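Step one of this worksheet: look at the structure below.
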Amino acid sequence: MFQMTDEEFESAIREALDGMPAQFMEALDNVAIMVQDEPDDDQLDRVEEPPLPTTEGAYPELLGLYEGVSLLERTDGYDMDVPDIITIFKGPHERMFASREEVVREARKTVIHEIGHHFGLDDDRLHEMGY
């Protein structure tokens with residue numbers, strides 16, 4: 001477990017976003033990226049497939065969440081009134097990783113994973129890609 005200040009964690013997320021290729025960032029269409037300490041009950045309920053328990057019986061932590069309509073699912077009637085939201089959760093990252101370097105590396109992976117959902121990639125494909 002490694003604890004960071006809110007500012008340090010938010011800086012790690014900004015660094016991850018700054019490191020994304022420009023064409024990906026330009027293609028993020030109507031997306032807000034948020035940092036939150038913990039997922040709330042509503043967010044946990046919105047997870048399509050609940051995580052499977054680990055061998056110890058505990059459930060893995062939710063590191064991030066994409067809520068919205070992927071670019072592949074948008075139709076001509078998509079109105080863009082409400083932005084899609086990517087939320088990165090600080091507490092689970094701190095509990096799961098033992099050093100600043102690990103937290104920063106895994107936060108970057110989480111950002112990429114959730115942006116991948118915006119582009120229409122599912123969890124299986126993202127995991128195959130290492131995210």
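Note that the structure is a prediction, hence the values are computed from the model and not measured. Each residue takes its place number in the sequence, starting with 1.
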Requested in this report: Scan side-chain atoms only and decide if His117 and Asp122 contain a donor-acceptor pair under the 3.5 Å cut-off.
Outcome: no
Query raised in the report: If you round to the nearest 0.5 Å, how far is CZ of Arg108 from CG of Leu17?
Result: 10.5 Å
Report summary line: Between Met96 and Glu61 the two heavy atoms that sit nearest each other are SD-CB, 3.5 Å
Query raised in the report: Should Ile86 and Val111 count as side-chain neighbours, where that means a heavy-atom distance under 4.5 Å?
Result: no
Show which side-chain atoms of residues 124-131 pair as donor or acceptor with protein atoms under 3.5 Å away, not counting sequence neighbours.
from	atom 1	to	atom 2	distance (Å)
Arg125	NH1	Glu128	OE1	3.2

Requested in this report: Apply the test salt bridge (charged side-chain N to carboxylate O under 4.0 Å, His left out) to residues Arg95 and Glu38: give CA-CA distance (whole Å), side-chain angles for both, the deciding distance (0.1 Å), then the verdict.
Outcome: CA-CA 11 Å; Arg95 286 190 293 280; Glu38 300 289 339; 2.8 Å; yes
Requested in this report: Check whether Ile115 and Ile85 end up in the same hydrophobic cluster, where Ile, Leu, Val, Met, Phe, Trp and Tyr are linked by side-chain heavy atoms less than 4.5 Å apart.
Outcome: no
**Report entry** Donor-acceptor contact below 3.5 Å, side chain Glu94 vs main chain Met1
**Finding:** no
Query raised in the report: From Met34 CE over to Glu10 CD, what is the distance, rounded to the nearest 0.5 angstrom?
Result: 10.0 Å
Requested in this report: Any chance you could measure Leu121, atom CG, to Ile112, atom CD1, to the nearest 0.5 Å?
Outcome: 12.0 Å
Query raised in the report: Within a strict 4.5 Å, meaning less than it, do heavy atoms of the Arg100 and Met4 side chains meet?
Result: yes
Query - Test item: Val104 and Glu8 side chains (from C-beta on) under 4.5 Å apart, heavy atoms - result: no
Report task. Answer yes or no: are there more than 12 heavy-atom neighbours, outside Met25 itself, under 6.0 Å from its atom CE? Result -> yes
Query raised in the report: Testing Asn30, Val31, Ile33 for side chain to side chain contact (heavy atoms under 4.5 Å, CB included) with Pro83, which one passes?
Result: Asn30
Query raised in the report: Hey, what do you get for CD (Glu102) to CZ (Arg105), rounding to the nearest 0.5 Å?
Result: 5.5 Å
Query raised in the report: Counting only heavy atoms not in Asp41, do more than 12 fall under 6.0 Å of its CG?
Result: no
Query raised in the report: Is it true that Arg74 and Asp84 make a salt bridge, defined as a side-chain N closer than 4.0 Å to a carboxylate O?
Result: yes
Query - Positive for side chain to side chain contact (heavy atoms under 4.5 Å, CB included) with Lys90, one of Leu63, Asp37, Val103, Thr5 - result: Asp37
Requested in this report: Among residues two or more places apart or on two chains, list those pairs meeting ring-ring contact (aromatic ring centres under 6.0 Å, His included) that have a residue in residues 5-38.
Outcome: Phe9-His93, Phe24-Phe119
Report task. Return yes if a side-chain donor-acceptor contact under 3.5 Å exists between Gln36 and Gln43, otherwise no. Result -> yes
Query - Salt-bridge criterion met for Glu7 and Arg14 (N-O under 4.0 Å) - result: no
Query raised in the report: Given the rule that I, L, V, M, F, W and Y join up when any side-chain heavy atoms are under 4.5 Å apart, are Phe2 and Ile13 in one cluster?
Result: yes
Requested in this report: Could you pull out all residues at least two apart from Glu15 that satisfy salt bridge (Lys or Arg N to Asp or Glu O under 4.0 Å)?
Outcome: none
Report task. Please name the pair of heavy atoms, one in Leu72 and one in Gly120, separated by the smallest distance, quoted to 0.1 Å. Result -> CD1-CA, 3.8 Å
